[in-house]
Amino acid sequence: MPAASPRATDPGRLIDLMWNPSTVVGRSGATVAGIVEAALTIADADGLDAVTMRAVADWVGIGAMTLYGYVPGKAELVELMLDAVVGRTYEGHPAPGDVTPWPDAVRYIAQRSWDHLLAHPWLVEAPQGRPILGPGVCRTYEAELRPLDGIGLTDLEMDLTVSAVRAAVTNAVQWQNGLAAARRRTHLSDDQWWALHGPRLAGAMAGEELPVSSRVGQSVANAGDPEATWHFTVEALIESLSARLTSRSPAGRTKSGS
């Protein structure tokens with residue numbers, strides 16, 4: 001969620017903009033939906049920092065002060081953007097509830113989140129905070145909970161499962177975006193970067209006793225892999241949940257002797 005605005009905000013106004021946006025075209029020819037789409041176009045092309053009220057107003061073709069008549073400020077605009085894009089996570093794709101069994105649904109949620117965040121990398125630039133209360137976020141949350149409903153998890157465990165999957169993927173996308181930025185900045189591939197830094201690092205670390213990290217580092221060829229990391233995390237989560245559900249089943253309790 002975006003950082004808090006330095007001025008007092010009207011939560012009711014933002015809720016209305018999210019759930020009941022006016023479709024009336026003003027004298028300027030603008031609508032809230034059109035303004036949000038313009039901001040999304042800028043963010044997808046140039047990142048979240050490029051989204052300023054002036055830039056959006058120029059894109060829409062209205063004055064900056066006129067824009068404030070539609071959206072109170074950038075903080076509210078960013079929330080509208082986030083809600084709109086999160087609401088499109090499964091657009092053109094099956095809903096998570098249509099994927100069975102539940103472990104495959106969890107994997108599917110993670111994969112769609114990864115693909116969607118990579119398509120809109122600015123999404124992971126927005127600082128996290130209180131939940132966004134718009135229809136896009138609420139409907140996506142509902143969709144991701146449904147394959148977990150009734151399998152034996154508590155409501156809290158269902159929420160934590162969805163949150164853990166999204167957190168793992170979000171962290172991986174932040175890492176992936178950072179790698180891409182470093183490759184562009186240095187004009188070096190990862191192999192080239194290691195070829196330059198490896199020998200100097202080996203000399204600097206001479207005498208250090210790091211047997212485990214040295215062995216593990218060599219085993220993964222010194223290459224970080226964000227996608228493999230979230231896959232591992234999600235599989236570990238599924239294994240943990242499966243074991244928890246088995247222990248709660250009558251057969252599981254009998255087998256454990258409890």
Side-chain angles (χ1 to χ4, degrees), residues 1 82-83 85-121 123-126 128-132 136-180 212-213 215-258:
M1 177 178 278
L82 290 169
D83 186 64
V85 173
V86 171
R88 299 171 187 175
T89 302
Y90 299 99
E91 192 172 70
H93 298 271
D98 295 334
V99 179
T100 56
W102 70 263
D104 285 346
V106 171
R107 295 182 183 101
Y108 174 66
I109 290 169
Q111 185 66 59
R112 278 303 309 144
S113 180
W114 170 259
D115 293 341
H116 196 60
L117 289 174
L118 287 181
H120 306 282
L123 278 169
V124 300
E125 298 174 23
Q128 299 298 305
R130 290 182 177 132
I132 293 172
V137 168
C138 290
R139 291 164 186 163
T140 299
Y141 179 57
E142 169 75 18
E144 292 177 343
L145 288 173
R146 286 191 176 183
L148 301 173
D149 193 26
I151 67 171
L153 297 177
T154 66
D155 287 351
L156 177 59
E157 288 170 335
M158 289 166 58
D159 172 80
L160 292 174
T161 298
V162 170
S163 297
V165 169
R166 283 199 163 269
V169 175
T170 297
N171 182 68
V173 171
Q174 289 172 328
W175 182 9
Q176 183 67 49
N177 290 349
L179 284 173
V212 179
S213 59
R215 186 188 76 241
V216 172
Q218 290 177 0
S219 72
V220 297
N222 294 324
D225 189 341
E227 187 171 9
T229 299
W230 73 253
H231 273 289
F232 177 84
T233 302
V234 169
E235 290 303 322
L237 175 63
I238 290 171
E239 289 178 15
S240 175
L241 291 174
S242 296
R244 180 172 299 194
L245 293 173
T246 297
S247 71
R248 290 175 182 174
S249 69
R253 288 196 296 270
T254 300
K255 194 172 184 179
S256 65
S258 57

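A quick note: this is a predicted structure, and the numbers were derived from the prediction, not measured. These numbers come from the heavy atoms of this one structure, side chains and all, not from hydrogens, waters or symmetry mates.
A donor-acceptor pair is defined here as one N or O able to donate and one able to accept, closer than 3.5 Å; such a pair exists between the side chain of Asp83 and the backbone of Gly136. No donor-acceptor distance shorter than 3.5 angstrom exists from the side chain of Ser240 to the backbone of Ala236, with no hydrogens or angles considered. The closest donor-acceptor contact from the side chain of Tyr108 to the backbone of Pro94 lies under 3.5 Å.
Taking the side chain as every heavy atom from C-beta outward, Leu117 and Gln174 never approach each other to under 4.5 Å. Contact annotation: the side chain of Ile109 never approaches that of Thr89 to less than 4.5 Å [non-hydrogen atoms, C-beta and beyond].
Only one option out of Trp114, Phe232, Trp175 pairs with Glu227 in a side-chain contact (heavy atoms from CB on, under 4.5 Å); it is Trp114. Considering Gln111, Glu235, Gln176 as possible partners of Trp230, the one that fulfils the side-chain contact (heavy atoms from CB on, under 4.5 Å) test is Gln111.
Nearest approach of Trp102 to Pro147, heavy atoms of both residues: CB-O, 3.6 Å. The two residues Val124 and Pro121 come nearest to each other via the heavy atoms CG2-O, 3.2 Å. The two residues Pro103 and Ile238 make their nearest non-hydrogen contact at O-CD1, 3.5 Å. Nearest heavy-atom pair across Ala105 and Val99 is CB-O, 3.5 Å. Looking at every heavy atom in both residues, Val86 comes nearest to Thr140 through O-OG1, 3.0 Å. Listed here is the closest heavy atom pair of Ser113 and Val169: OG-CG1, 3.6 Å.
Summarising the geometry, atom CG belonging to Leu160 is positioned 11.0 Å from atom CG belonging to Leu148; distances are rounded to the nearest 0.5 Å. Considering CG of Asn171 and OG1 of Thr233, their distance stands at 8.5 Å, rounded to 0.5 Å.
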What do the steps show when you test Val85 against His116 for side-chain contact (heavy atoms from CB on, under 4.5 Å), and what is the final call? CA-CA 9 Å; Val85 173; His116 196 60; 3.4 Å; yes

Taking it one step at a time, do Val137 and Leu82 satisfy side-chain contact (heavy atoms from CB on, under 4.5 Å)? CA-CA 8 Å; Val137 168; Leu82 290 169; 5.9 Å; no

side-chain contact (heavy atoms from CB on, under 4.5 Å) evaluation trace for Leu123 with Thr170: CA-CA 9 Å; Leu123 278 169; Thr170 297; over 6 Å; no

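Applying the side-chain hydrogen bond (donor to acceptor under 3.5 Å, both in side chains) test to Asp149 and every residue at least two apart in sequence or in another chain returns nothing.
Applying the salt bridge (charged side-chain N to carboxylate O under 4.0 Å, His left out) test to every pair with at least one member in residues 165-178, sequence neighbours left out, gives these pairs: Glu144-Arg166. The side-chain hydrogen bond (donor to acceptor under 3.5 Å, both in side chains) pairs that include a residue from residues 155-164 are Tyr141-Asp159, Thr154-Glu157, Glu157-Arg244, Glu157-Arg248, where partners are two or more places apart or lie in different chains.
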